[in-house]
Amino acid sequence: MITAYDALFAALIAPEADIVLVGDSLAMSFGGHSDTLSITFDEMIYHTKAVCRGAPDSLVVFDMPFGSYSSAKNALENAIRVYKETDASAVKIEGGAEKAEVIRRLTTNAIAVMGHIGLMPQYARQSGGFKVQGKDDAAVEKLIADAKAIEAAGAFAIVLEGVKANAAKSISQSVGIPVIGIGAGSDCDGQVLVWSDLLGFFEAFKPKFARRYLEGATLAREAIARFAADVRSGAFPSADESYI
Ligand code: KIV
């Protein structure tokens with residue numbers, strides 16, 4: 001699974017990724033915010049429409065933004081909006097057993113749900129930052145109980161973020177649905193990365209778990225500098241690039 005926020009990158013990602021996630025990480029890696037909490041529902045809808053246009057045959061997952069699933073009632077109303085206004089196939093919800101009722105309300109109303117436990121970025125302000133989870137036995141037991149509750153509520157997959165590798169293995173093995181890891185070691189069923197981490201466009205910081213497959217920002221900066229130099233020297237546009 002790879003995130004996308006626009007049609008151009010969705011089209012690049014779609015042929016290789018089993019799932020395209022319109023993550024609320026777009027607040028940070030696209031919108032320049034310091035956490036994910038400020039993204040609005042309308043902004044998520046706008047970006048999801050673009051992703052669906054770029055990846056029309058993909059399983060696109062809409063990340064429910066902060067505050068949009070605080071009760072089963074508003075979760076259902078908002079998730080119905082996602083299905084009516086976009087072509088996304090599923091929604092993602094952060095939270096463990098305490099969100100089981102919300103997840104069940106959606107799955108029993110024909111909405112496919114992906115769970116998200118471990119490090120949950122929407123809890124960052126409450127918990128004082130982005131902290132690795134599953135550090136002791138009690139925490140791992142809680143995460144296993146969360147994964148089982150999410151599965152029992154009808155979710156089709158779970159994102160497991162920022163969890164020690166051994167703990168992630170136990171959590172993955174405790175449920176039958178796919179567990180997709182990010183910063184959760186190699187023993188999950190799948191892996192997800194944010195596109196701008198994967199392609200090296202996000203430079204504010206590099207999470208330990210991310211691997212850059214391209215130095216995107218460096219390449220883009222060099223190309224932009226070449227364009228600027230060519231304009232200043234008169235080398236761009238050439239006769240071939242002009243209507244004569
Ligand atoms: O918002 C996001 O991009 C996510 C992934 C990191 C799983 O939730």
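Read the numbers this way: they start at 1 and go in the same order the structure lists the ligands and their atoms.
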_So for atom NZ, which belongs to Lys142, do other residues, nucleotides or ligands contribute more than 12 heavy atoms lying within a distance under 6.0 Å?_
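Result for NZ/Lys142: enclosed.
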
*asked:* With no hydrogens and no angle check, just 3.5 Å: does a side-chain donor-acceptor pair link Asn74 and Ser70?
replied: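 Looking only at side-chain atoms, Ser70 and Asn74 do form a donor-acceptor pair, the distance falling under 3.5 Å.
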
*Val179 and its side chain to side chain contact (heavy atoms under 4.5 Å, CB included) partner, picked from Ile117, Val163, Leu160, Asp187*: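 The single option meeting the side chain to side chain contact (heavy atoms under 4.5 Å, CB included) with Val179 is Leu160.
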
_If you compare all heavy atoms of Ala72 against all heavy atoms of Val102, which two are closest, and at what distance to 0.1 Å?_
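Result for this residue pair: N-CG2, 3.8 Å.
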
_Tell me whether the rings of Trp195 and Tyr5 are parallel (<30°), tilted (30 to 60°) or perpendicular (>60°)._
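The arrangement is perpendicular - the two ring planes meet at more than 60°.
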
*Evaluate salt bridge (Lys or Arg N to Asp or Glu O under 4.0 Å) for Arg212 paired with Asp197, printing each intermediate quantity in order.*
CA-CA 6 Å; Arg212 282 185 187 160; Asp197 288 336; over 6 Å; no

For ligand 1, output the ligand-protein N/O contacts shorter than 3.5 angstrom; if there are none, return none.
| residue | atom | partner | partner atom | Å |
| --- | --- | --- | --- | --- |
| ligand 1 | 1 (O) | Asp24 | N | 3.1 |
| ligand 1 | 1 (O) | Asp24 | OD1 | 3.0 |
| ligand 1 | 1 (O) | Ser25 | N | 3.0 |
| ligand 1 | 1 (O) | Ser25 | OG | 3.3 |
| ligand 1 | 1 (O) | Asp63 | OD2 | 3.1 |
| ligand 1 | 3 (O) | Ser25 | OG | 2.5 |
| ligand 1 | 8 (O) | Lys92 | NZ | 2.9 |

